[in-house]
Peer 1: 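Before I ask anything, let me first share the structure, which is written out below as structure tokens.
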Amino acid sequence: MTTVVPTSEDDPALAVVRFTSELAWADAGPEVAEPQVTRLCMEAQECIVMGRWLDLASLMLTSADLVFSKVSDKDLECIFTVICNLASKLENLDEFEVAKLVSTKITQQPNDKPALRLKILFNLYNLLGAPDSRFFVYMQALNLALNGKVVDHIIPSFKKIDCFLKEWNIGVKDQRNLFLTIANVLKESKSSGKYSFKFLTKYLATFSGEDSYIISEAKEEAVRSVIEFVKAPDMFQCDLLDIPAVAQLEKDSKYALVCQLLKIFLTQKLDAYLEFQAANSTLMKSYGLVHEDCITKMRLISLVDLGSNESGQIPYALIKDTLRINDDELELWVVKAITAKLMDCKMDQMNQVVIVSRCSERIFGLHQWLSLRSKLATWRGNVASLISTIKANKVVEEGLPAGQGTTIR
């Protein structure tokens with residue numbers, strides 16, 4: 001038989017049980033309420049004495065859930081702070097169970113005070129010590145933010161994801177779940193298109209080295225990444241073609257055209273796009289792609305492609321022909337490319353050419369890295385040669401008699 005040792009009502013856990021149970025049974029009248037409140041308090045005392053923290057957390061959560069809509073946000077935060085603090089009393093395994101119990105309960109009704117529920121989860125996260133407990137709660141917070149439509153509250157934490165990954169030390173499957181969930185959260189934020197794409201590509205990259213069966217699990221997300229890239233008016237460079245999860249689309253009867261569209265946007269010019277669109281207008285519409293927007297992007301991409309030639313000059317006539325524009329539109333498109341930071345150039349109206357000093361690459365893969373390496377090696381050699389020349393001149397000047405040095409005229 002269990003012996004119950006009386007404890008002080010100053011104990012925060014007992015105070016919470018009494019407060020919540022009194023509110024939960026308030027409408028039943030004192031004759032019914034008092035015995036129920038006493039029973040719940042006795043159960044809580046027994047749990048504390050026996051060290052049954054998981055049972056105590058369950059008891060407290062049940063009462064807290066019943067009064068969620070009856071108390072102020074400040075009181076709710078205090079109640080759940082006491083409940084969450086139970087996790088700090090436990091070893092790793094039990095801590096995880098309490099964290100799982102609390103976070104699961106909190107996320108059951110994501111549309112009821114979602115911002116407050118998210119804050120409670122953040123408080124719980126900060127009280128935990130075990131990496132697996134923290135990762136579980138963070139994933140719960142992500143899903144709560146998504147389902148409760150309060151994504152802006154959790155987006156700032158994404159800046160620390162690299163640090164979190166080192167701390168959590170999670171496997172590939174958990175990483176996939178994390179990156180895809182973050183991408184979905186960011187997709188709900190209108191101002192985070194590039195950020196969402198970044199985590200979507202991180203998700204797809206985790207499938208490198210896997211067999212074809214496992215890679216096939218990522219087909220839908222691979223298609224989504226292509227469409228997001230094509231739609232984005234401010235993204236002109238990506239390495240999707242180097243990712244196996246995306247490359248698999250080329251051999252897929254259902255999605256081969258999506259892969260072909262990606263190749264056009266990364267390796268070809270406007271004429272190739274127009275030919276593709278004419279033959280696949282229904283497909284384009286099914287993915288929500290707007291023809292006029294695609295033309296705008298392809299014109300900018302085509303202009304940059306023209307600027308990549310070694311001469312560094314683009315004749316006006318070639319620009320008009322490639323972009324299919326009139327004389328009075330040419331300068332506008334050059335300015336658009338400069339504004340989008342796709343190229344640095346100046347227009348020579350006298351000679352009817354655009355002189356290019358820098359152009360962005362649409363694809364930055366192995367070839368581009370080798371080219372950059374070559375340019376850096378040349379730059380390093382030029383700098384070394386310049387330093388040698390300066391040192392040699394200095395030695396000569398120091399060896400000349402006074403008054404016979406170099407004179408600037």
Side-chain angles (χ1 to χ4, degrees), residues 96 100 103 107 125 130-147 151 154-189 192-232 235-252 254-256 258-263 265-266 287 361-369:
F96 179 81
K100 183 178 179 181
S103 56
T107 55
Y125 181 95
D132 58 338
S133 300
R134 286 190 151 204
F135 173 67
F136 181 85
V137 171
Y138 189 80
M139 288 302 301
Q140 293 286 87
L142 283 177
N143 287 305
L144 174 62
L146 187 61
N147 297 327
V151 296
I154 202 167
I155 287 176
S157 70
F158 297 162
K159 295 177 181 179
K160 300 179 181 179
I161 284 297
D162 289 338
C163 294
F164 290 160
L165 286 171
K166 290 179 182 179
E167 176 193 337
W168 298 332
N169 193 29
I170 55 178
V172 173
K173 288 185 177 180
D174 283 334
Q175 287 182 38
R176 285 174 189 159
N177 189 18
L178 173 68
F179 293 147
L180 184 57
T181 306
I182 290 177
N184 291 335
V185 167
L186 289 167
K187 190 178 180 181
E188 293 297 310
S189 178
S192 302
K194 276 188 177 181
Y195 215 9
S196 173
F197 182 79
K198 171 187 173 182
F199 280 98
L200 188 58
T201 53
K202 279 178 174 286
Y203 162 79
L204 295 171
T206 64
F207 288 89
S208 298
E210 301 281 13
D211 60 46
S212 57
Y213 177 77
I214 294 178
I215 293 177
S216 67
E217 296 176 6
K219 267 182 192 174
E220 296 295 330
E221 283 71 32
V223 171
R224 171 182 158 186
S225 70
V226 173
I227 301 304
E228 284 192 11
F229 172 74
V230 173
K231 277 185 178 181
M235 283 197 289
F236 301 91
Q237 182 188 84
C238 74
D239 57 357
L240 288 178
L241 288 174
D242 294 331
I243 299 177
V246 177
Q248 70 174 326
L249 300 178
E250 186 174 17
K251 298 179 181 179
D252 188 279
K254 184 179 179 181
Y255 299 124
V258 174
C259 190
Q260 184 182 338
L261 181 63
L262 175 65
K263 286 186 175 182
F265 272 79
L266 289 177
Y287 285 114
E361 297 280 358
R362 282 192 274 176
I363 299 175
F364 208 92
L366 179 60
H367 175 74
Q368 286 71 31
W369 280 114

Peer 1: To the nearest 0.5 Å, tell me how far Phe229 CZ sits from Leu261 CG.
Peer 2: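 So the gap between those two atoms works out to 10.0 Å.
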
Peer 1: Suppose we screen for ring pair (Phe, Tyr, Trp, His ring centres under 6.0 Å). Which residues come up paired with Phe158, at least two apart in sequence or across chains?
Peer 2: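 None.
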
Peer 1: If you round to the nearest 0.5 Å, how far is CG of Leu240 from CG of Leu266?
Peer 2: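 Result: 7.0 Å between the selected atoms.
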
Peer 1: For the residue pair Met235 and Ala232, what are the closest heavy atoms and their distance?
Peer 2: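 Closest approach of Met235 to Ala232, heavy atoms only: CE-CB, 3.3 Å.
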
Peer 1: Ala247: which residues meet the side-chain contact (heavy atoms from CB on, under 4.5 Å) condition with it, sequence neighbours left out?
Peer 2: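 Counting only residues at least two positions away or on another chain, Ala247 forms no side-chain contact (heavy atoms from CB on, under 4.5 Å).
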
Peer 1: Give, for atom CD1 of Ile161 and atom NZ of Lys198, the distance between the pair rounded to the nearest 0.5 Å.
Peer 2: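 Result: 9.5 Å between the selected atoms.
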
Peer 1: With sequence neighbours left out, write down each residue that passes side chain to side chain donor-acceptor pair (under 3.5 Å) with Asn177, or none if nothing qualifies.
Peer 2: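 Once residues adjacent in sequence are excluded, the partners of Asn177 under the side chain to side chain donor-acceptor pair (under 3.5 Å) criterion are Thr181.
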
Peer 1: Applying ring pair (Phe, Tyr, Trp, His ring centres under 6.0 Å), name anything that partners Tyr203, two or more places apart in sequence or on another chain.
Peer 2: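 Here the qualifying residues are Phe207.
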
Peer 1: In Å, rounded to the nearest 0.5 Å, how long is the span from CG of Leu249 to CG of Leu241?
Peer 2: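 Here the rounded value is 10.0 Å.
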
Peer 1: Listed by chain and number, what are the ring pair (Phe, Tyr, Trp, His ring centres under 6.0 Å) partners of Tyr195, not counting sequence neighbours?
Peer 2: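 Testing Tyr195 for ring pair (Phe, Tyr, Trp, His ring centres under 6.0 Å), a comparison that skips the adjacent residues, returns Phe199.
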
Peer 1: Which residues satisfy the side-chain contact (heavy atoms from CB on, under 4.5 Å) test with Ala145, sequence neighbours excluded?
Peer 2: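 side-chain contact (heavy atoms from CB on, under 4.5 Å) check on Ala145 returns Leu118, Val150, Ile154.
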
Peer 1: Under the rule for salt bridge (Lys or Arg N to Asp or Glu O under 4.0 Å), what residues qualify as partners of Glu250, not counting sequence neighbours?
Peer 2: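 Only Lys263 meet the salt bridge (Lys or Arg N to Asp or Glu O under 4.0 Å) criterion with Glu250.
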
Peer 1: Is there any salt bridge (Lys or Arg N to Asp or Glu O under 4.0 Å) pair reaching into residues 170-188, and which pairs are they, with sequence neighbours excluded?
Peer 2: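 Applying salt bridge (Lys or Arg N to Asp or Glu O under 4.0 Å) to every pair that reaches into residues 170-188, excluding sequence neighbours, yields Arg176-Glu210.
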
Peer 1: Would you call Val137 and Arg134 a side-chain contact if the rule is heavy atoms closer than 4.5 Å?
Peer 2: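 Not in contact.
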
Peer 1: If you measure from CZ on Arg362 to CZ on Phe265, what distance do you get to the nearest 0.5 Å?
Peer 2: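 The CZ atom of Phe265 is 9.5 Å from CZ of Arg362, to the nearest 0.5 Å.
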
Peer 1: Mind checking what makes ring pair (Phe, Tyr, Trp, His ring centres under 6.0 Å) contact with Tyr138, not counting sequence neighbours?
Peer 2: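 With sequence neighbours excluded, Tyr138 shows a ring pair (Phe, Tyr, Trp, His ring centres under 6.0 Å) to Phe164, Trp168, given in chain and number order.
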
Peer 1: Could you state the interatomic distance from OG1 (Thr201) to CD1 (Ile243), rounded to the nearest 0.5 Å?
Peer 2: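 Reported value, rounded in 0.5 Å steps: 5.5 Å.
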
Peer 1: Throw together a table of side-chain donor-acceptor distances under 3.5 angstrom for residues 214-227, partners on residues two or more places apart or in other chains.
Peer 2:
{"unit_1": "Ser216", "atom_1": "OG", "unit_2": "Tyr213", "atom_2": "O", "d": "2.4"}
{"unit_1": "Lys219", "atom_1": "NZ", "unit_2": "Asp252", "atom_2": "OD2", "d": "2.6"}
{"unit_1": "Glu220", "atom_1": "OE1", "unit_2": "Tyr255", "atom_2": "OH", "d": "3.4"}
{"unit_1": "Glu220", "atom_1": "OE2", "unit_2": "Tyr255", "atom_2": "OH", "d": "2.5"}
{"unit_1": "Arg224", "atom_1": "NE", "unit_2": "Glu228", "atom_2": "OE2", "d": "3.0"}
{"unit_1": "Arg224", "atom_1": "NH1", "unit_2": "Asn184", "atom_2": "OD1", "d": "2.6"}
{"unit_1": "Arg224", "atom_1": "NH2", "unit_2": "Asn184", "atom_2": "OD1", "d": "3.2"}
{"unit_1": "Ser225", "atom_1": "OG", "unit_2": "Ala222", "atom_2": "O", "d": "2.6"}

Peer 1: Is there a side-chain contact between Val151 and Leu186, using heavy atoms and a 4.5 Å cut-off?
Peer 2: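 They are not in contact (no side-chain heavy atoms under 4.5 Å apart), so the answer is no.
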
